[in-house]
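Numbers restart at 1 for each chain; the letters A, B, ... are given by sequence-line order, proteins then strands.
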2 protein chains.
Amino acid sequence: MEERVTIRELARRSGVSVGTVSRALNGYADVRPETRERIMRLASELDYTPAAAARSLVTQRSHVIGVFMETGEGHPDLQHPFFHEVLGGLKQRVGREGFDLLLFASERPGGGYGPHSYLKRARHHSVDGCALIGLDPDDSEVRRLVRGEIPCVAIDMQLEGPNTEVVMSDNEAGAAEAVRHLHGLGHRRIATITGMIDSRPGVDRLRGYRNAIQELGLAYRDEYVRYGDFYAESAREATEKLLALPEPPTAIFAAADLMAIGAVRAAAEAGLSVPADLSVVGFDDIQLAPHVNPPLTTLRQDKLGLGAAAGDALVARIAGDPERPQLRTLPVELVVRGSTAAP
Amino acid sequence: MEERVTIRELARRSGVSVGTVSRALNGYADVRPETRERIMRLASELDYTPAAAARSLVTQRSHVIGVFMETGEGHPDLQHPFFHEVLGGLKQRVGREGFDLLLFASERPGGGYGPHSYLKRARHHSVDGCALIGLDPDDSEVRRLVRGEIPCVAIDMQLEGPNTEVVMSDNEAGAAEAVRHLHGLGHRRIATITGMIDSRPGVDRLRGYRNAIQELGLAYRDEYVRYGDFYAESAREATEKLLALPEPPTAIFAAADLMAIGAVRAAAEAGLSVPADLSVVGFDDIQLAPHVNPPLTTLRQDKLGLGAAAGDALVARIAGDPERPQLRTLPVELVVRGSTAAP
DNA sequence: ACGGTTTCCGAAACCGTTTTTGGAGAGATG
DNA sequence: CATCTCTCCAAAAACGGTTTCGGAAACCGT
C-alpha cells in the first residue's frame, strides 16, 4: 500500500519537529544549514509532495485561478477559437507565477447541497482570483461575483466591480482602421456585419465603423449595417441580403473572421469572387485566417497578449497592488492579405 | 470585515454540534427532519459555502480532474482546434458528475521547492483523476504519471498503465473510408499527407490509407505519401511536391483538416482549382470545415464524444469500477462536401 | 417496572500543513 | 559570574471540515 508521505513522516525520520521541516522546506531563515540540507535531501528521496489542500486551508491562498467560460449549447463560446488562444495566454502567464487554472465545470459544486452560483463556486475552492471569459455581463451571477471580494478580470466584456479589471482589444480603433483600409483601396460602398450588439466588442466595432465612415465623408447608410452574432452562418445570411441590395456594397467589414469567412462563402454562392468582385476584411486573425481561400485581410487581436494582460492584472491584484487601472485595452494590427483589393 | 461563515458558526447559531451540522448538510439519515430543516435554512440564509480544501483534506477526494495539455511554443497543441472541442466535451461530462477541471499551468507547483513533475503536480492537488490530451506518450514524466495510482485517461495517444485508459477515434477505418470515397468517385491516383508518424493517430491513418489502397487493387506508390505534422503549412509544402511529380495525384487524403486547407491553398497557388482539378479530403471536421472555400469533405471525429468518453472513463474508474476496457475507440463519419469530385 | 432497541446528537479525533510562542543552549558583554 | 542577545528548534494552536464512538432519551414489548 502506497502510504502518502507527510510532513510528519519527514519529521520523524529526520528527528526534528514538523514545524522545523516546514520552515526548512519553505526557506525560512531560522534553521541551521546542515539541518535544512538533511531535510531537503530526505524530502527528495522520499519524493515528498506537500498537500495543497492542507496548505491552502491554513494560508487561505490556493494558488489557483478560477476560470469561468461557458460551454453551453446556446452560445458555444468555448468553441470560439478566439477564446482558446486567450486562455492559452492566460495559462502561460499565470503559470510562470506558480498558479494553476481551475476551469469550472461542475453543476452542483461540492458534491451536494445548495444551488450553484459563480461566487459560491469560487469561494468553495478558495480561488485567489477569477477570469471571466466571454460571459454575459448582465448575468446576475456574474455581477454578484465581481461585487465580491475576489479579484476578477473580465476579458472582452464590460464589467464593473470593486476589485475587477477589464481587458480587451481596441475594437473601435481596429474597426476604423478596417474601413480606412478599404477606403484607401478605393472603395466607397462599404458595408459592415456586426457582432452581437449587446456585447461591448460588438458595439465598439460598430462605432468604429460608423465614425470612420463619417470622418471619411462617406454617407452612412442604414441598409449597409447588418447584425450578426460573431459566427459564420449569420454572416452568410447577412451577406446574401447585402448583395441583393439595389446598390450592393463593394466591400464588407465583418466584425469577426468567422463571419468574414461566412461572407466569402455567400459571395461565392452568389457567383462573386473575392477580392475581385467584393473585398472582405475580418477581425481577430484566427489561426486559420492566412490559410483560407483567399487568405483573409483582418485585424489581428493579440490573443496571447490579452490572456497575458489578464494574468498580469490578476497576479498584481492578488499581490495586493491597489494601483490598477479599471480597463486595459490592447492595440490591434491590420494585416492585409488576399481578401481585399481595389474595386 | 467579511468573516467567512464556517460550519462551527452554523453549529453555534443553530445550537447543535458541528458534527450534526455536517451530517445534516450531507444528507445523512440520523438527524431529525426538523433539525435538518432548521440547519439548512440557516445555511442558505448565511450563504454558507463549505471549504473544498478542508473537505478534501479529510475525505482524500477533491472532486477535481487534472488536465495536462501543453501550450508550449514548440507544439502549440492548445492551439489545435481539435483539442479544445474535446476539452469541451470532457468538461460537460464530468461537470454533470460534480467535478471541476484543473488545467495545470504552474511551472513550480506549490510555490516552491523541488522540480515539477506531472505526477507530483497531480498529487499535490490530490486530483481524483487525470486527462492527458495530445501529449508525447514517450515523455518520461507522462509515463511516471500513468504508472501511478491516479486514474488516467489519454486522448489520442497510445499509453499503458495499471489504471489508465485510452480514448481515440477509429483513425484507421476513417482513413480507409476516405480513400474508398475517392476511389468511388473515379480517382486512381490518390496520395496522402500524413500527420506526425510518431503519434498513434498519425500511423493509424497512414495504415488505413495503405490498406485501402491495396484492397482496392491500386498500386501503392511511395512517392504518393508525404509526411506532415497536422498543421497547414506542412501540407502546403507537401502538396507542392506532390503536384510537381511527373504523374501527379488527382486526389489527396490529408490526415487533418488544417492540412487539407493547406493543400487546397497550395493547389490554388499552382493554378489548380479544387475540386475540379484536384480532390481533397481532410480529417477531423473542425468547426470551420463547412465554411472554407470549397467546403471540406472530411471525416468527422466526434470531438464532444471523445471528451465525453474520456469523462466516462474517469468517473467510472474513480468510482472504483474495475471492469474497464483498456482502449475505447469511437467511429468517425464521412461527410462529403465540396472539396471532392470526379476527376 | 424493566431490559432491549432505536433515534438523535455531542465530543473528540483526525486530515496535513503553517505559524506563533517560548525556551534551551551558546556565545558575547559587562 | 551574571546577564543579555542570538540561533535553532519543539510544542501547540490553528485552518474547516468529516467520521467514529458512545451515550441520553424515547419508544417498545412483556
Side-chain angles (χ1 to χ4, degrees), chain A residues 3-40 43 46-64 109-114 120 123-126 128, chain B residues 2-40 43 46-63 109-114 120 123-126 128:
Chain A
E3 283 309 324
R4 182 185 180 82
V5 26
T6 77
I7 204 175
R8 237 172 282 275
E9 174 76 3
L10 246 45
R12 201 178 55 72
R13 294 225 202 184
S14 58
V16 298
S17 77
V18 301
T20 303
V21 175
S22 176
R23 269 168 296 147
L25 260 23
N26 288 318
Y28 278 65
D30 54 350
V31 43
R32 189 153 31 131
E34 51 194 84
T35 309
R36 176 197 308 279
E37 177 54 33
R38 184 161 38 98
I39 294 176
M40 298 201 56
L46 298 185
D47 195 35
Y48 166 68
T49 308
R55 181 197 299 244
S56 82
L57 188 54
V58 38
T59 61
Q60 304 288 25
R61 310 205 45 211
S62 60
H63 275 271
V64 166
Y113 34 89
K120 210 154 184 161
R123 286 198 179 140
H124 178 229
H125 280 101
S126 317
D128 293 341
Chain B
E2 304 244 1
E3 282 310 323
R4 183 184 181 86
V5 27
T6 77
I7 202 175
R8 245 168 272 273
E9 173 75 4
L10 245 46
R12 200 177 58 72
R13 295 224 202 185
S14 59
V16 299
S17 76
V18 300
T20 303
V21 176
S22 176
R23 270 169 314 200
L25 259 22
N26 288 316
Y28 279 64
D30 54 349
V31 44
R32 187 155 31 129
E34 52 193 82
T35 309
R36 175 194 309 280
E37 177 56 32
R38 182 160 40 96
I39 293 177
M40 297 200 58
L46 298 185
D47 194 35
Y48 166 68
T49 308
R55 180 196 301 239
S56 81
L57 189 54
V58 38
T59 61
Q60 305 287 22
R61 308 203 48 210
S62 60
H63 275 273
Y113 36 88
K120 209 155 186 161
R123 286 201 179 138
H124 178 229
H125 281 101
S126 317
D128 292 342

For the [atom1] atom of [X] and the [atom2] atom of [Y], what is their distance to the nearest 0.5 Å?
X      : Y     : atom1 : atom2 : value
B:L25  : B:M40 : CG    : CE    : 6.0 Å
B:T35  : B:D30 : OG1   : CG    : 11.0 Å
B:R23  : B:I39 : CZ    : CD1   : 9.0 Å
B:R123 : A:Y48 : CZ    : OH    : 13.0 Å

Distance-only polar pair, side chains of B:T20 and B:S17, donor-acceptor under 3.5 Å: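 There is such a pair between these side chains.
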
[X] side-chain N/O to [N] phosphate OP1/OP2 under 4.0 Å:
X     : N      : value
B:Q60 : D:dT18 : no
A:T20 : D:dC9  : no
A:S17 : D:dA10 : yes
B:T35 : C:dC8  : no
B:Y28 : D:dT19 : yes
A:Y48 : C:dT17 : yes
A:S22 : C:dT18 : yes
A:R32 : D:dC8  : no

B:D30 vs B:V58, nearer the 5' end of DNA chain C by closest nucleotide: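 Its nucleotide being nearer the 5' end, the pick is B:D30.
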
Along DNA chain C (nearest heavy atom to each residue), the more 5'-positioned of B:R23 and B:L57: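 Per heavy-atom nearest nucleotide, the more 5' residue is B:R23.
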
Could you tell me the separation between the [atom1] atom of [X] and the [atom2] atom of [N], rounded to a whole number of Å?
X      : N      : atom1 : atom2 : value
B:R61  : D:dT19 : CZ    : C1'   : 16 Å
A:R12  : D:dC9  : CZ    : P     : 19 Å
A:E37  : D:dC8  : CD    : P     : 15 Å
B:R123 : C:dG16 : CZ    : C1'   : 16 Å
B:N26  : D:dG16 : CG    : C1'   : 13 Å
B:E34  : C:dT7  : CD    : P     : 16 Å

Heavy-atom side-chain proximity of A:S22 to A:I7 below 4.5 angstrom: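 A side-chain contact under 4.5 Å exists here.
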
Options D:dT18, C:dG16, C:dC9, nucleotide nearest the side-chain atoms of B:R55: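 Within the option list, the nearest is D:dT18.
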
A:P33 side chain, from C-beta outward: closest of C:dC9, D:dC8, D:dA12: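 For the A:P33 side chain, the nearest candidate turns out to be D:dC8.
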
N/O donor-acceptor pair, side chain B:R8 with base D:dG17, under 3.5 angstrom: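 When only heavy-atom distances are counted, B:R8 does reach the base of D:dG17 through a donor-acceptor pair under 3.5 Å.
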
Whether B:R55 side chain and B:P50 backbone form a donor-acceptor pair below 3.5 Å: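 No, the answer is negative, given that no donor and acceptor are paired below the 3.5 Å cut-off.
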
Touch class at under 4.0 angstrom, heavy-atom based, for A:T49 against every strand present: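 Touches sugar-phosphate only.
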
Ranges pairing with ranges for DNA chain D, where each run has three or more Watson-Crick or G-U pairs under 3.5 Å: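 Stem segments, range with range: C:1-30 with D:1-30.
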
Cationic N near anionic O, under 4.0 Å, A:R13 to A:E9: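 Salt bridge flag = yes for A:E9 with A:R13.
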
